[in-house]
Protein chains: 2
Amino acid sequence: MTVNKSPRKHIILKEAASLFREKGFMASTLRELAKRSGVQGGSIYHHFSSKQEILYQIMDYTMTSLIYKLDAEIKDIKDPLKKLRKAIKFHIEYHVTDTDETFVTDTEIRSLDNENLEKIQEKRSVYEGKFIKILNNGNSAKTMAISNTKIAAMAILQMCTGVSYWYKKDSHLKIDDITEQYVNFICWGVAGKSI
Amino acid sequence: MTVNKSPRKHIILKEAASLFREKGFMASTLRELAKRSGVQGGSIYHHFSSKQEILYQIMDYTMTSLIYKLDAEIKDIKDPLKKLRKAIKFHIEYHVTDTDETFVTDTEIRSLDNENLEKIQEKRSVYEGKFIKILNNGNSAKTMAISNTKIAAMAILQMCTGVSYWYKKDSHLKIDDITEQYVNFICWGVAGKSI
DNA sequence: TTAACAAACTAACGCTTGTTAGGTTTTGTA
DNA sequence: TACAAAACCTAACAAGCGTTAGTTTGTTAA
């Protein structure tokens, strides 16, 4: 989110994430998005060049944030298991904070144009690579016992990303409790055979 | 799949699952589906009353199969941990066998009309309930230590369903290897604190 | 006050899509 | 073989959608 983001543009992006989550990108119309954002359909084009650009901006911002913020969270941690705990905690908290954006980013890959698709796929790969690296380090340190770290990373990410599918802001479940359960489950899972 | 399923209807359903997976339901057109199925657009209406019905039939068949076949796999197993292993193995194998159908069933919930949505949600809930029950039994038997079996069941299912997102039939990965990794990861994860 | 610019409205365009209706061809059965 | 049903083709309809172009409105600086 750059500092010079106009209020309306910001509103449109937030409403877009909500609408896309609710109906899917293709089933969402600009007329409805405009209505929800407080303008008329054609006005969207003052802020965005196309419907596709709205989707891309949501997804690109989300992936970029995930990558940079994950780094900030784990860069000073040496122990792989501790690093993994922190990474999982971060991932879940991010997905629980921006549920609409993260859900859309995870589910609307197919709606991207080819050019945008490549860019987002690249960032997904970078993000996933950070988890693979942690798992590889855990294997090296003998505190984890994973046969295929790529599959394990995918499994872990899919499971944790899944929180954005069901979590509701008004849920009685506390984020820390959810996080704790996922972290424990995963850490026992990766450590299992090395105990 | 009933015995009297006409060949063309069967082809259309298979092609629909493939097309919907590739482009999403809303971005898929009946003209393209017809083309892929070897007929013209209007001919689809000889076999299905609407585009929505095609989607519903794919999803309903998949959910119904999952429910009944899971039961058949685990009904004679008493030990909760063994039962869980079998359930996970079944789930992954099903998702790896019908990757298109399972992927569509998991991702196109939002494309369902309200009436169809309720029916599919109900079946999803039934299926999920079977996993929750296994976990509850594991807790009772003290071979699992899960604070919230509902969350754990969701996490497990999301992770295992995720296989249909990335698995490719021509993959060098053997299904048994994949299954083994998931089963081990999960069983260590659920058993962790009870060890 | 005036001019410039940003933001928004509005009508309409061109295209696409699910679907229908009527006609033709193919298949199955007596 | 004849007939009916199933399957398919085809043209077209009605609705909707992303987008464009022109106009209007509000704001700001000179």
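Keep in mind that this is a model prediction, so the values were computed, not measured. Chain A is the first sequence line, chain B the second, and so forth, proteins listed ahead of strands; every chain is numbered from 1. Hydrogens, waters and symmetry mates are skipped; everything else that's a heavy atom, side chains included, is used.
- Salt-bridge check for Arg21(B) with Glu101(B): failed, with every basic side-chain N at 4.0 Å or more from each acidic carboxylate O.
- With salt bridges taken as basic N to acidic carboxylate O contacts below 4.0 Å, none links Glu180(A) and Lys89(A).
- Put simply, chain B comes within 4.0 Å of DNA chain D, heavy atom to any atom, from dA6(D) to dA12(D), going 5' to 3'.
- With hydrogens and angles left out, the side-chain atoms of Asp106(B) and Tyr165(B) include a donor and acceptor closer than 3.5 Å.
- Between Trp166(A) and Tyr182(A), the ring planes lie parallel to each other; the angle is under 30°, not in the 30° to 60° tilted range.
- Tyr56(B) carries Lys119(B) over the face of its six-membered ring, with the cationic atom under 6.0 Å from the centre and within 45° of the normal.
- Between Gln40(B) atom CD and dT25(C) atom C1' the separation is 14 Å, expressed in whole Å.
- Among the atoms of the strands shown, only primed sugar atoms or phosphate atoms (P, OP1, OP2) are found under 4.0 Å from some heavy atom of Thr29(B).
- At the heavy-atom level, Arg8(B) lies under 4.0 Å from the strands shown only through sugar-phosphate atoms.
- Ile44(B) has its CD1 atom 15 Å from the C1' atom of dT20(C), to the nearest Å.
- Atom pair Lys51(B):NZ and dT19(C):P shows a separation of 8 Å (rounding to whole Å applied).
- With respect to Lys123(B) and Asp60(B), a salt bridge is recorded, a charged nitrogen being found less than 4.0 Å from a carboxylate O.
- Across all strands shown, Ser28(B) has heavy atoms under 4.0 Å from sugar-phosphate atoms exclusively, and none from any base.
- Regarding contacts with the backbone of dA7(C), every side-chain N or O of Ser43(A) stays at 4.0 angstrom or more from both OP1 and OP2.
- As rounded to whole Å, 18 Å separates atom P of dA8(C) from atom NZ of Lys35(A).
- Across residues 17-25 of chain B, not one residue has a non-hydrogen atom less than 4.0 Å from an atom of DNA chain D.
- To the nearest angstrom, P of dC9(C) lies 14 Å from CG of Leu30(A).
- Residue His47(A) places at least one side-chain N or O closer than 4.0 Å to OP1 or OP2 of dA8(C).
- Atom CG of Asp113(B) and atom P of dG18(C) are 14 Å apart (whole Å).
- Looking at Gln181(B) and Asn148(A), their side chains never bring a donor and an acceptor atom within 3.5 Å of each other.
- The cationic atom of Lys9(A) (NZ for Lys, CZ for Arg) lies less than 6.0 Å from the six-membered ring centre of Phe48(A) and within 45° of the ring axis.
- Between Lys69(B) and Glu73(B) there is no salt bridge, since no side-chain nitrogen of the basic residue lies less than 4.0 Å from a carboxylate oxygen of the acidic one.
- If you take CZ of Arg31(A) and C1' of dA11(C), they are 11 Å apart, rounded to a whole angstrom.
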